[in-house]
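FYI, side chains are in, hydrogens and waters are out, and symmetry mates aren't considered; it's all heavy atoms of this structure. Residue numbers run from 1 in the order of the sequence given.
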Amino acid sequence: MKILMVCLGNICRSPLAEGIMRHLASEKKLNWEIASAGTGNWHIGKAPDHRSVAAAKANGYDISSQRAQQFSHSMFAGYDLIFVMDRNNLDDVQALAKTPEERKKVKLFLDNDEVTDPYWDNALFEPVCKQVEERCKEIIKQLS
């Protein structure tokens, strides 16, 4: 299973989802490849936001070595599922899809809801981390 997590800049939400999912899948001995990307190009090559790193670390996850990349059409071929954090990400990623099969790979991470972008509010990083962790556990149950 190859899963890609996508948010806007690939420094807050999707790195949390990547790191947490990778950690949990490894604990379950699942042979999954997990990565993340952003729809924007502002942070390419940069580490996750220090507040995401801190929230992850406080919950037992190390995301400090991850680096941001931008989503591109070629990623459709490399992943089985593409989880996006909000509806804007959904629209942006699906706009790059060229086939119905590619569009079917793209899903909201929270099914019918959005993961709040914590970038502008320090107090949101911890609850977003917890929300992402719970959803990653649910996804593992559903897919394994």
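Hydrophobic cluster membership is shared by Met75 and Leu96, with clusters built from Ile, Leu, Val, Met, Phe, Trp and Tyr side chains linked at under 4.5 angstrom. Criterion: ILVMFWY side-chain heavy atoms under 4.5 Å apart, direct or through other members. Under it, Val84 and Tyr79 are part of a common hydrophobic cluster. A continuous path of hydrophobic side-chain contacts links Leu16 to Trp32 [ILVMFWY only; heavy atoms under 4.5 Å]. Both Leu90 and Ile82 sit in one connected hydrophobic cluster of ILVMFWY residues. Membership requires side-chain heavy atoms under 4.5 Å apart, directly or through other members. Hydrophobic clustering (ILVMFWY, side-chain heavy atoms < 4.5 Å, transitive): Val128 and Leu24 are in one cluster.
The distance from the CH2 atom of Trp120 to the SG atom of Cys12 is 10.0 Å, given to the nearest 0.5 Å. Of the inter-residue distances, the one linking Arg103 atom CZ with Lys98 atom NZ reads 11.5 Å to the nearest 0.5 angstrom. Annotation: the span from Ile63 atom CD1 to Cys129 atom SG amounts to 7.5 Å, rounded to 0.5 Å. Note that CG of Leu124 is 6.5 Å distant from OG1 of Thr116, once rounded to the nearest 0.5 Å.
Put simply, the side chain of Ile20 does not reach to within 4.5 Å of the side chain of Asn59, judged on heavy atoms. Inter-residue side-chain proximity for Met21 and Ile139 is flagged as met; some heavy-atom pair is nearer than 4.5 Å. By the 4.5 Å heavy-atom criterion applied to side chains, Phe71 and Leu4 are counted as neighbours.
Salt bridge Arg135/Glu138: present, at least one basic N to carboxylate O contact under 4.0 Å.
Here the shortest heavy-atom pairing between Glu114 and Asn88 reads OE2-N, 4.4 Å. Across every non-hydrogen atom of Asn122 and Arg51, the tightest pair is OD1-NH1, 2.6 Å. Residues Ala25 and Ile140 share a closest heavy-atom pair of N-CD1, 3.7 Å. Taking every heavy atom of both residues into account, Phe83 and Leu108 meet most closely at CD2-O, 4.0 Å. Taking both residues in full, the closest heavy atoms of Val53 and Ser64 are given as CG1-CB, 4.2 Å, listed atom of the first, atom of the second, then distance. Taking each heavy atom of Met5 and Ser14 in turn, the nearest pair found is O-CB, 3.5 Å.
Although no hydrogens or angles enter the test, the distance criterion places no donor-acceptor pair under 3.5 Å between the side chain of Gln70 and the main chain of Gly38. Remark: side-chain polar atoms of Lys107 are paired, donor with acceptor, to backbone N or O of Lys104 under 3.5 angstrom. Distance alone, capped at 3.5 Å, is enough to place a donor-acceptor pair between the Asp80 side chain and the Lys2 backbone. No donor-acceptor pair under 3.5 Å is formed between the side chain of Lys46 and the backbone N or O of Ile11. In this structure, Gln66 contributes its side chain and Pro15 its backbone to a donor-acceptor pair below 3.5 Å.
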Checklist entry - Given the rule in the side chain to side chain contact (heavy atoms under 4.5 Å, CB included) test, do Val132 and Phe109 qualify, once you have shown the distances and angles that lead to the verdict? => result CA-CA 9 Å; Val132 167; Phe109 181 73; 4.0 Å; yes
Item to check | Worked check of side chain to side chain contact (heavy atoms under 4.5 Å, CB included) between Thr99 and Phe76 | outcome: CA-CA 10 Å; Thr99 65; Phe76 283 109; over 6 Å; no
Checklist entry - Would Leu8 and Asn89 satisfy side chain to side chain contact (heavy atoms under 4.5 Å, CB included), going step by step from the backbone distance to the final call? => result CA-CA 6 Å; Leu8 182 61; Asn89 306 146; 4.2 Å; yes
Next on the checklist: Working note: Asp92 + Val6, criterion side chain to side chain contact (heavy atoms under 4.5 Å, CB included); need CA distance, chi angles, decisive distance, verdict.
Outcome noted: CA-CA 10 Å; Asp92 291 343; Val6 178; over 6 Å; no
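Listed by chain and number, the residues in a side chain to side chain donor-acceptor pair (under 3.5 Å) with Ser36 are Asn10, Glu18 (sequence neighbours excluded). Take Ser26 and apply the side chain to side chain contact (heavy atoms under 4.5 Å, CB included) test, not counting sequence neighbours, and it matches no residue. Residues that satisfy the side chain to side chain donor-acceptor pair (under 3.5 Å) test with Glu27, not counting sequence neighbours, are His23.
More than 12 heavy atoms of other shown residues, nucleotides or ligands fall within 6.0 angstrom of atom CG in Asp111.
Remark: Arg13 is not positioned above the aromatic ring of Tyr119, lacking an NZ or CZ atom under 6.0 angstrom from the ring centre and at most 45 degrees off the axis.
When the options Lys137, Lys130, Gln131 are evaluated for a side-chain contact (heavy atoms from CB on, under 4.5 Å) with Glu134, the one that passes is Lys137.
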